[in-house]
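See below for the structure under consideration.
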Amino acid sequence: MTLNNANSVTTKAIIPVAGLGTRFLPVTRSVPKALLPVLGIPLVQHAVNDAVEAGITDIAIVEDARSVGSYFHSMPDLEGRLRQTGRDELADQMVEISSQARITSIKQLEPLGNGHAILLAKNFVDDEPFVVIFPDEILWGEYSSTAQILDVRDRYGGNVIAVTETSWDDVHTKGIVAGPSVEPNVIAIEQMVEKPPRDEAPSNLAIIGRYALDPAVFEHLERMERGAGGEIWLTDAIIACMGQYPTHAVTVDAIRYDAGVPEGMFGATLHQAAKDPTMRQMIVDFAAEL
Ligand code: UTP
């Protein structure tokens with residue numbers, strides 16, 4: 001497979017980070033989940049990397065009162081000090097972080113749901129197709145998962161969602177989709193259900209935090225009543241669009257870690273640590289001791 005999204009019409013992404021992060025308490029009392037690191041690189045940086053690799057140039061971060069977007073601000077004092085002390089490579093990395101994409105911060109001061117967070121970015125999207133990335137889903141593969149869904153969106157239009165096969169024991173905790181296959185790893189979604197009991201689940205294809213969307217989604221988000229838990233959910237708006245627009249799911253080719261929970265973050269950390277010879281040896285020695 002080759003993926004070249006340089007010509008994709010989609011150049012905007014929304015990264016919502018204003019949720020309460022309750023599955024990561026107590027640290028999320030003061031640190032937003034999106035700033036928790038996998039070996040020094042915060043989750044939001046992984047999400048931005050995924051977007052930039054797919055040709056995205058403009059990113060809105062929807063944050064609560066605490067700033068996540070400031071992580072991407074230029075830091076000339078820090079860069080200057082690093083250069084003065086001969087650490088040019090690190091200084092270059094700092095410049096790269098603040099120049100990868102244009103970052104806009106949007107405030108969601110009450111956590112009224114991921115759909116509500118997306119709705120707040122309506123003016124930013126300005127009637128163009130866009131992508132949504134949940135930074136607590138880490139997807140690492142040869143090609144960015146955002147690029148993989150944009151490839152399908154550019155050919156079929158409408159809305160496209162990234163999915164992965166999940167354990168049948170977990171389907172009751174996930175959004176699940178089902179429908180006929182239209183090409184390898186792509187289905188036309190006919191059913192989309194939130195957290196179905198195992199015996200009612202139409203498949204084990206779970207939604208995993210990457211969406212390529214048509215701006216028509218906003219019409220539905222604006223009309224949405226608050227759903228489960230008093231929140232506005234993005235999936236409800238996508239379901240509402242299904243009769244009008246093509247809706248596809250792509251089983252993305254990527255290793256996935258649910259970094260919204262400590263064990264997923266630990267898995268992602270081990271994954272990265274194993275690439276470094278010293279840390280890899282530490283893992284091997286520790287496993288032998290166990
Ligand atoms: P989650 O469903 O993972 O919720 O949100 P959460 O609040 O982060 O975590 P838990 O379930 O309490 O542990 C998916 C994404 O949507 C954002 C979250 O920050 C996360 O990136 N979100 C959720 C918002 O931006 N606003 C909301 O009102 C809800």
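No hydrogens, no waters, no symmetry mates; every other heavy atom, side chains included, goes into these values. We count ligands from 1, going down the list as the structure has it; atoms in each ligand are counted the same way.
For ligand 1 and P111, the ligand atoms under 4.0 Å from any heavy atom of the residue are 28 (O). Close approach to L112 involves these atoms of ligand 1, each under 4.0 Å from a residue heavy atom: 28 (O). Under a 4.0 Å criterion applied to the non-hydrogen atoms of Q108, ligand 1 contributes the atoms 24 (C), 25 (O), 26 (N), 27 (C), 28 (O). When each atom of ligand 1 is checked for a heavy atom of A117 under 4.0 Å away, the hits are 24 (C), 25 (O), 26 (N). Residue P135 approaches ligand 1 through these ligand atoms, each under 4.0 Å from one of its heavy atoms: 21 (O).
On a distance-only criterion, G113 and ligand 1 share at least one N/O pair closer than 3.5 Å. The shortest N or O to N or O distance between K33 and ligand 1 is below 3.5 Å. At under 3.5 Å, not a single nitrogen or oxygen of F134, backbone or side chain, sits near a nitrogen or oxygen of ligand 1. In terms of N/O distances under 3.5 Å, ligand 1 is not approached by V62. Backbone and side-chain nitrogen or oxygen atoms of G260 are examined, and none is located within less than 3.5 angstrom of a nitrogen or oxygen of ligand 1. Between R23 and ligand 1, at least one N/O pair is under 3.5 Å apart.
No more than 12 heavy atoms of other residues, nucleotides or ligands sit less than 6.0 Å from atom CZ of R81.
For the residues I133, D258, L120, L20, the heavy atom positioned nearest atom 7 (O) of ligand 1 is part of L20. Nearest to atom 12 (O) of ligand 1 by heavy-atom distance, out of N114, V132, T22, V17, is T22.
Not a single protein heavy atom sits closer than 4.0 Å to atom 2 (O) of ligand 1. In this structure, atom 5 (O) of ligand 1 has its sub-4.0 angstrom surroundings free of protein heavy atoms.
Ion pairing of R155 with E183 is present here, as a side-chain N (NZ or NE/NH1/NH2) and a carboxylate O approach within less than 4.0 Å. Look at K33 and D136 and you find a salt bridge, because one of the NZ, NE, NH1 or NH2 atoms lies within 4.0 Å of a carboxylate O, short of that distance. Note on R210 versus E137: no salt bridge recorded, every NZ/NE/NH1/NH2 to OD/OE distance being 4.0 Å or above.
From the protein, the heavy atom lying nearest to atom 22 (N) of ligand 1 is G19 N, 3.5 Å. Among all protein heavy atoms, the one lying closest to atom 20 (C) of ligand 1 is P16 O, 3.7 Å. For atom 25 (O) of ligand 1, the closest heavy atom belonging to the protein is A18 N, 2.8 Å.
Between F266 and Y257, the distance from one ring center to the other does not fall under 6.0 angstrom. Not less than 6.0 angstrom separates the ring centroid of W233 from the ring centroid of H116. No close placement of the Y156 and Y245 rings is indicated, their centers lying 6.0 Å or farther apart.
If you check the side chains of E231 and N114, you find no donor sitting under 3.5 Å from an acceptor. Between the side chains of T146 and D50, a donor-acceptor pair is found at a separation under 3.5 Å.
We find the CG-OG1 distance between L205 and T164 to be 8.0 Å, quoted to the nearest 0.5 Å.
Looking only at distances, no side-chain donor or acceptor of R87 sits under 3.5 Å from a matching main-chain atom of L82.
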